[in-house]
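Only one structure is covered here, and it is reproduced in the block below.
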Amino acid sequence: MPAPLLQIETTPTLPEAADVVVIGGGIVGVFAAWYLARRGVRVALVEKGRIAAEQSSRNWGWCRQQNRDARELPIAMESLALWQRLAGEIGEDVGFRRCGLLYLSDDEAEIETWARWRDVARSFGLTTCVLSADEASARGTATGRRWKGGVFSPSDGIADPASAGPIVARGILAAGGSVHQMCAARGLEIEGGRVCGVVTEAGTIRTRTVVLAAGAWASAFCRQLGIRFPQASVRASILAVGPGSQGLPDALHTSAVSVTRRGDGGYTLAISGRGQIDPTPQKLRFAREFVPMFARRWRALAPGGLEGWRAGFETLGQWRRDAPSPMERRRILDPTPDKRQIRETHQRACRLLPALQGVPIAAAWAGYIDSTPDGIPAIGEVQGMPGLVLAAGFSGHGFGIGPGAGHLIADLISGARPLVDPLPYRPERLATSAWGKVAEF
Ligand SMILES: Cc1cc2nc3c(=O)[nH]c(=O)nc-3n(C[C@H](O)[C@H](O)[C@H](O)COP(=O)(O)OP(=O)(O)OC[C@H]3O[C@@H](n4cnc5c(N)ncnc54)[C@H](O)[C@@H]3O)c2cc1C
């Protein structure tokens, strides 16, 4: 069974023109369009499949400041505040709760790293509680054992990946924008060196500003325009168990397994950082750029198969704008979960949390996590292509920072004071090597 997702009705007919067209209805695209629509900007969002059907409904739902790289912490902090306000602004519950995130460990080096991060947190005015062995064991009673230490971040939280994206998309419609599902953007029209339209499978929308929030497809789309965007993906496999377990923390990380309470009372189970690398033409092309990232993360990664190659999202090919594109052939990236990893994750979770034993697996799925070489997203206007704002490469953090990213994009486009300093995210930084710059956590 695939990741649960709220299905919504959207706008049947495409506008002829819009102030801004957002390509991609993941969490980043919907928040960008929503913050624009709320400012009275005429915005149209086009999504080749269903809203949030790729990464944005397949994640754990963590909205995390804890252990964030200092470059991403400001946008993570602002995002938590925006998540908090969202239900009141949009009039629907997206499952957001500041329940706090709990980290438990027996590894002294790991505990030491978390303790060091407390200094980063302090310098940003953020509270994080480093837990002694007694405190960690008390918070982790559901595990029925003692721990050497841990961390609790009280102001962090979780939201519901199954409904957040679709609910924000409904907010766009309510704010006067339009949302078009099953509508792939095939390319851009350029005049005098700047963007002047978006060619979709349903027709062309005239516009001077485009937000490319295409997730794992962004680099291939950029390639059609001669823009180099180094991006690579990892296939992560996770599962959900149904409701029924009592006394578990809402969000718990251990090196063995991580557990997150879902909106329906069930739990998402996953092994943090674990993933498979499916070789693709794009990965081969950008292999050199990703060596620094791979050097840090290789222990958790395993070689995958040719599914990613066949899926076409990391193609080096050019496609035509007057014929069906790879995006129409693959409406939703729905990679096969790794069965062995699913089994291992479930076994580890049942060993860690006895209350999960006997609770059946409700669903298992995989998602391609798109990353930049330094693990920090690319947000900003593309140099040499006025009117094109890139917002991709969220490197496994995009759900939590989706509101902040969307707000920042709306600020950059409307000329408002940016929510956070946009400098760390500028796409042109990716032209230089990532050695020494890979995000800490
Ligand atoms: C297993 C897993 C666990 C994760 N856990 C977390 C977590 O706990 N917390 C966290 O913050 N992040 C987490 N993430 C990462 C997070 O899900 C992503 O960073 C985030 O969802 C990216 O959002 P996005 O909008 O950039 O991309 P996506 O959600 O991938 O959306 C991009 C959309 O663009 C559409 N599209 C692409 N090309 C076109 C085109 N040409 N025309 C029209 N539409 C197009 C696609 O169909 C897709 O819907 C996790 C990811 C996975 C897979």
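Atoms within a ligand are numbered from 1 in the order they appear, just like the ligands themselves.
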Is it true that the side chains of E307 and T336 contain a donor and an acceptor less than 3.5 Å apart? yes
Ring of W319, cation from R321 - is the NZ or CZ under 6.0 Å from the centre and inside 45° of the axis? no
Mark up the atoms of ligand 1 that fall under 4.0 Å of a heavy atom belonging to F394, in ascending order. 19 (O), 26 (O)
The reported gap from CZ in R206 to SG in C196 (rounded to nearest 0.5 angstrom) is 9.5 Å
Taking distance alone, with N or O pairs closer than 3.5 Å, would you say R331 contacts ligand 1? no
Taking distance alone, with no angle check, do Q55 and ligand 1 share an N/O pair under 3.5 Å? yes
Within the 4.0 Å heavy-atom cut-off, what I27 brings close to ligand 1 is both
Heavy-atom contacts under 4.0 Å between V28 and ligand 1: side chain, backbone, both, or neither? both
The reported gap from CH2 in W114 to CZ in F152 (rounded to nearest 0.5 angstrom) is 13.5 Å
Which ligand 1 atoms, with their elements, are less than 4.0 angstrom from a heavy-atom of A184? 42 (N), 43 (C)
Working to the nearest 0.5 Å, report the span between OH of Y368 and CG of L333. 7.0 Å
Per-atom contacts, ligand 1 versus G26 - under 4.0 Å to a heavy atom: 25 (O), 29 (O), 31 (O), 33 (C)
Proximal ligand 1 atoms for A214, defined as those under 4.0 Å from one of its heavy atoms: 32 (C), 34 (O), 37 (C), 38 (N)
So which protein heavy atom does atom 21 (O) of ligand 1 come closest to, and at what separation? S56 OG, 2.9 Å
Test of understanding: given a 4.0 Å heavy-atom threshold, classify the contact between W217 and ligand 1 as side chain, backbone, both, or neither. side chain
Nearest protein heavy atom to atom 19 (O) of ligand 1, by residue and atom, and its distance? G398 N, 2.9 Å
For Q231 and D370, does a side-chain donor sit closer than 3.5 Å to a side-chain acceptor? yes
Take W117 and Y103, measure what ring-ring contact (aromatic ring centres under 6.0 Å, His included) needs, and give me the verdict at the end. CA-CA 13 Å; W117 188 83; Y103 293 64; 9.1 Å; no
Just checking, any donor-acceptor pair under 3.5 angstrom between side chains of S255 and E110? no
Which of the numbered atoms in ligand 1 are under 4.0 angstrom from any heavy atom belonging to R58? 1 (C), 2 (C)
Atoms in ligand 1 flagged as close to E54, the criterion being non-hydrogen separation under 4.0 Å: 30 (O), 46 (C), 47 (O), 48 (C)
Drop me the distance from S155's OG to L126's CG, to the nearest 0.5 angstrom. 4.5 Å
I'd like to check which ligand 1 atoms, numbered from 1 as shown, lie under 4.0 Å from a non-hydrogen atom of G61. 8 (O)
Among protein heavy atoms, which sits nearest to atom 44 (N) of ligand 1, and what does the distance come to when rounded to 0.1 Å? K48 N, 3.0 Å
I want to know if ligand 1 touches H397 in the polar sense, i.e. an N/O pair below 3.5 angstrom. yes
Close side-chain approach of D411 to Y35, heavy-atom, < 4.5 Å: no
Once you round to the nearest 0.5 Å, how far does CZ of R340 lie from OG of S237? 12.0 Å
Between R426 and E381, is there a salt bridge with N-O shorter than 4.0 Å? no
If you have a sec, work out which protein heavy atom is nearest atom 53 (C) of ligand 1 and how many Å separate them, to one decimal? I369 CG1, 3.4 Å
Of all the non-hydrogen atoms in the protein, which one sits nearest to atom 42 (N) of ligand 1, and at what distance? A185 N, 2.9 Å
Tell me which part of A213 gets within contact of ligand 1: side chain, backbone, both or neither, using heavy atoms under 4.0 Å. backbone
List the closest protein heavy-atom neighbour of atom 12 (N) of ligand 1: residue, atom name, distance to the nearest 0.1 Å. G396 O, 3.1 Å
Ranked by distance from atom 35 (C) of ligand 1, the top protein heavy atom is E47 OE1, 3.2 Å
Taking only heavy atoms of V46 into account, list the atoms of ligand 1 that are under 4.0 Å away from them. 43 (C), 44 (N)
Using 4.0 Å as the upper bound for N to carboxylate O, is an ion pair formed by K48 and E328? no
Evaluate the side-chain proximity of R223 to Q282: yes if any heavy-atom separation is below 4.5 Å, no if none is. yes
Quick look: M327 vs ligand 1, heavy-atom contacts under 4.0 Å, and the answer is side chain
Which residue supplies the protein heavy atom nearest to atom 4 (C) of ligand 1, what is that atom called, and how far is it? N59 CB, 3.0 Å
